[in-house]
Protein chains: 2
Amino acid sequence: MTTTGLDEFALLDETWRSVTPDAARRMLIAAAHAFAGKGYHATTTRDIASLAGMSPAAVYIHYRSKEELLFNISLVGHETSLKLLSRIQGGDVVERLRNAVAAFAGWHAEFHTTARVVQYELGALSPEHHAQVAELRRQIDQQMRSYIADGVAEGVFDVPDLKGATLAVLSLCIDVARWYQPGGKRTPDEIGALYADLVLRMLRPAN
Amino acid sequence: MTTTGLDEFALLDETWRSVTPDAARRMLIAAAHAFAGKGYHATTTRDIASLAGMSPAAVYIHYRSKEELLFNISLVGHETSLKLLSRIQGGDVVERLRNAVAAFAGWHAEFHTTARVVQYELGALSPEHHAQVAELRRQIDQQMRSYIADGVAEGVFDVPDLKGATLAVLSLCIDVARWYQPGGKRTPDEIGALYADLVLRMLRPAN
DNA sequence: CTTAGCGCTAAGCAACCGCTTAGTATGGAG
DNA sequence: CTCCATACTAAGCGGTTGCTTAGCGCTAAG
């Protein structure tokens, strides 16, 4: 019955600004935090409602089911991270990959709450919703791969296995959402910079 | 009420050979597969029992609770991967890190079922059990860090941020458990070799 | 003032949860 | 053959689940 901490959530996570009405947005944010903290299956609709400061039945005014809440979070999360990755441009090939890795890894730190739901609750989506999200994941892979391939074409990266390297880079960034803690020693930006540096070291040619 | 696939599980996952009696081991293996597939909270004790080909009550002959099943899986999994990482020796510093990364990443692929439970269900452990497992995780970090530090001391690795690099290497290996699929194009050994190569590239000094 | 509609709640439904209890089949010791 | 411990099952307990229903207070058009 308490809304403690929810305003803080809303400030931290501007991902949901476009969601209306207000109660529906608060419900989404509450669900994202509950799913990230305890997992989708361990979260009850009563948990979500009380986090949003409303009664259990209020969930069903705005969403058809608990799964639809998850789908909304997953969809917006995937779209946001894909947009972030796709809008990198300008600079040379090295700087573009540096910015791409920094942005993608940094997002998984800063929005680790959303990112955890996005990355670890895919299996709880309905088959139809899962397919929709899988297409976005394919696009994310394609985008990161093209940044690396551009550097290979120019000869500034040495990558024997393009598919394998892309997999490793994405995997490295995604796993940030698992271990990152807000109170830790590194800020999301520092993590982005560290990871971008490590990835560029990994792909640089031998001299 | 079917045991289909369980013998296959047992063959694939020799991790549990030492667990007796037979029914208790089958229960653990069934639980590991159920937890990995649907998550701890989404798995019912009835799921586990029926996967093991027994009645729901049979679980409580061998284990006090569902959580105790999880703890057993988590403990043995952590001990196994730590042992695997610690027993690397011989060769020079580079070869030792190569073997360590290959072994650790390869384990997370080959035993991805166990590894998923180990890495993603920590939060479902009781506080006491969690503390016990956290100590093992500290040792894993320490072991990997010392392999890297040895190379830095000899000047064959260039690592500006030892703690950050260790984090990234472990993170990279652990995340294999998330994306690996048995039917995929790469075998666990190939993944180990790919990742060991990528890590060594990441840590090599500039020339 | 009436009335329709919206956002919300109190109460509750059937189903399912982890776990317990009472009792049965089995097999080895004396 | 008797006895008893062991490994298991059938049945069921109290509590919780996702979701529904009936009805509330409020706003605003006619």
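Numbered from 1 within each chain, the chains take letters A, B, ... in sequence-line order. In this text the structure is predicted, and so the values were computed from the model without any measurement.
Distances shown here put a side-chain N or O of A:Thr45 below 4.0 Å from the OP1 or OP2 atom of D:dG18. Of the side-chain N and O atoms in A:His62, one or more sit less than 4.0 angstrom from OP1 or OP2 of C:dC8.
Note: CZ (B:Arg26) to P (D:dA7) measures 13 Å, nearest angstrom. Residue B:Met54 contributes atom CE, which lies 19 Å from atom P of C:dT24 at whole-angstrom precision. The distance from atom CZ of A:Arg46 to atom C1' of C:dC13 is 11 Å, rounded to the nearest whole Å. For B:Glu67 and C:dC19, the CD to C1' distance is 15 Å, given to the nearest whole Å. Atom-to-atom, CG of A:Asp47 to P of D:dG18 comes out at 8 Å; the value is rounded to the nearest Å. Atom NE2 in B:His41 sits about 16 Å away from atom P in D:dT16, given to the nearest Å. Between the P atom of C:dT9 and the CD1 atom of A:Ile61 lies a distance of 9 Å, rounded to the nearest Å. The OH-C1' distance, from B:Tyr60 to C:dA22, rounds to 18 Å in whole Å.
When distances are taken from the side chain of A:Pro56 to each of C:dT9, D:dC19, D:dA10, the shortest belongs to D:dC19. Here the side chain of A:Ser65 is nearest to one of D:dC19, C:dA10, C:dT20, namely D:dC19. Distances were taken from every side-chain heavy atom of A:Ala57 (C-beta onward) to each of D:dA10, D:dT21, C:dC17; the shortest belongs to D:dT21.
Proximity of a side-chain donor or acceptor of A:Tyr63 to a complementary backbone N or O of A:Ala24 within less than 3.5 Å is detected.
Here A:Asp47 does not pair with A:Lys66 in a salt bridge; the nearest charged N to carboxylate O distance is not below 4.0 Å. Under the 4.0 Å criterion applied to side-chain N and carboxylate O atoms, A:Asp141 and A:Arg137 are not assigned as salt-bridge partners.
Residue pairs meeting the side-chain hydrogen bond (donor to acceptor under 3.5 Å, both in side chains) criterion with at least one partner in residues 79-93 of chain A, sequence neighbours excluded, are A:Ser86-A:Gln143.
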